[in-house]
Chemist: 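The structure that follows is given in the form of structure tokens.
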Amino acid sequence: MSPKRERPVSPLGMGHAPVKDPIKGLSGVLSGTLVMEAITVLLILLVVLKVDGGEHWTTFNWVYITVIGLAHLALAFMQKRPWALWADLGLQIPLIFGFFIHWSVSVVGIMFGIVWFFIVKLRSEMVQRMRHGYLVTQHLGADVE
């Protein structure tokens, strides 16, 4: 087994705490993504109503979709909480497994699941860069020799 490679420290050194915390800035991206996802999920109601002459329009189906859409919208306003990212990811599960209502629910869940994968990857990369002193804002106002 090869040893895990760690990134070296930035050429400018570790620096100090970032002037603006990028993780706090990410909460706006998370909120925006949830609002877009809520709109998309609520538009699935039209698909369920119109496709196959409304055959899939049952009380359970429209309540299921509406509750998930409203949960996305409500969670968009709670992104400052430490557990919010996990809740965002958890909301993808009922969408991905929503094929029992209509296949379009799963398609939306998979598409936004990919989006959330990239958001989590972006957050991980930001944390790594901050840990090794690669953020520009960690070196603002510092004397470089």
Chemist: State plainly whether one hydrophobic cluster holds both Val41 and Ile114, where clusters connect Ile, Leu, Val, Met, Phe, Trp and Tyr through side-chain heavy atoms under 4.5 angstrom apart.
Modeler: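 Cluster IDs for Val41 and Ile114 differ.
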Chemist: Taking the side chain as every heavy atom from C-beta outward, state whether Trp57 and Leu45 have any pair of such atoms under 4.5 Å apart.
Modeler: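 Yes. Closest side-chain heavy atoms under 4.5 Å.
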Chemist: Enter the distance from Leu95:CG to Ile68:CD1 here, rounded to the nearest 0.5 Å.
Modeler: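 It comes to 5.0 Å.
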Chemist: Measuring from Thr33:OG1 to Gln79:CD, what's the distance to the nearest 0.5 Å?
Modeler: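 Interatomic distance, Thr33 OG1 to Gln79 CD, rounded to 0.5 Å: 9.0 Å.
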Chemist: Can you name the nearest heavy-atom pair linking Ser106 to Ile96, along with the distance?
Modeler: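 Distance-wise, the nearest heavy atoms are OG-O, 2.8 Å.
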Chemist: Could you go through His72 and Ile39, starting from their C-alpha distance and side-chain angles, then the distance that decides it, and tell me whether this counts as side chain to side chain contact (heavy atoms under 4.5 Å, CB included)?
Modeler: CA-CA 9 Å; His72 279 81; Ile39 292 168; over 6 Å; no
Chemist: Quick check: closest heavy atoms across Val35 and Ala76, and the distance to 0.1 Å?
Modeler: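 Where Val35 meets Ala76 most closely, the heavy atoms are CG2-CB, 3.8 Å.
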Chemist: For a 4.5 angstrom cut-off between non-hydrogen side-chain atoms, does Leu122 reach Leu26?
Modeler: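 Yes, at least one pair of side-chain atoms sits under 4.5 Å.
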Chemist: Could you measure the distance from the CD1 atom of Ile65 to the NE2 atom of His102? Nearest 0.5 Å is fine.
Modeler: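 Taking CD1 in Ile65 and NE2 in His102, the distance rounds to 9.5 Å.
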Chemist: For the CE atom of Met78 and the CG atom of Leu34, what is their distance to the nearest 0.5 Å?
Modeler: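 So the gap between those two atoms works out to 10.5 Å.
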Chemist: Quick check for you: to the nearest 0.5 Å, what is the distance between Thr66 atom OG1 and Ile44 atom CD1?
Modeler: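 Rounded to the nearest 0.5 Å, the OG1-CD1 separation comes out at 10.5 Å.
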Chemist: Does Trp83 have more than 12 heavy atoms from other residues, nucleotides or ligands lying within 6.0 Å of its CH2?
Modeler: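 For Trp83, atom CH2 is crowded (more than 12 foreign heavy atoms under 6.0 Å).
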Chemist: If I take atom CG from residue Asp88 and atom CH2 from residue Trp116, how far apart are they, to the nearest 0.5 angstrom?
Modeler: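 These two atoms lie 4.0 Å from each other.
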Chemist: If you look at every heavy atom in Gly69 and Ala38, which pair is closest and at what distance?
Modeler: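 That would be O-CB, 3.5 Å.
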Chemist: Are Leu49 and Leu43 connected in the hydrophobic side-chain network, where two residues link if heavy atoms are under 4.5 Å apart?
Modeler: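 No; tracing contacts between hydrophobic side chains, which count when under 4.5 Å, never links both residues.
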Chemist: Could you check His56 against Ile101 for side chain to side chain contact (heavy atoms under 4.5 Å, CB included), going step by step and ending with a plain yes or no?
Modeler: CA-CA 7 Å; His56 303 285; Ile101 290 178; 5.6 Å; no
Chemist: Say whether Trp103 and Val47 are linked into one hydrophobic cluster, either directly or through other cluster members, by side-chain heavy-atom distances under 4.5 angstrom.
Modeler: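 No, no single cluster joins them.
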Chemist: Between the side chain of Ser27 and the main-chain N/O of Lys80, is any donor-acceptor distance below 3.5 Å?
Modeler: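 Not confirmed, Ser27 side chain does not pair with Lys80 backbone.
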Chemist: What do you reckon, are the aromatic ring centroids of Tyr64 and Phe100 less than 6.0 Å apart?
Modeler: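 Ring centroids of Tyr64 and Phe100 are less than 6.0 Å from each other.
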Chemist: Trp62 vs Val48, test: side chain to side chain contact (heavy atoms under 4.5 Å, CB included). Steps then yes/no.
Modeler: CA-CA 8 Å; Trp62 71 260; Val48 172; 6.0 Å; no
Chemist: Indicate if Leu42 and Leu75 have the same hydrophobic cluster label, given that clusters are the connected sets of ILVMFWY residues with side-chain heavy-atom separations under 4.5 angstrom.
Modeler: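 Yes, Leu42 and Leu75 fall within the same hydrophobic cluster.
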Chemist: Could you pull out the closest heavy-atom pair between Phe112 and Gln92, with the gap in Å?
Modeler: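 Heavy atoms only, the tightest pair is CB-OE1, 3.7 Å.
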Chemist: Same cluster or not: are Leu85 and Met126 linked, directly or through other Ile, Leu, Val, Met, Phe, Trp or Tyr residues, by side-chain heavy atoms under 4.5 angstrom apart?
Modeler: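 They do share one cluster, since a chain of ILVMFWY contacts under 4.5 Å joins Leu85 to Met126.
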Chemist: Can you find a pair of side-chain heavy atoms, one from Ile119 and one from Arg123, that are under 4.5 Å apart?
Modeler: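 The answer is no; the side chains never approach within 4.5 Å.
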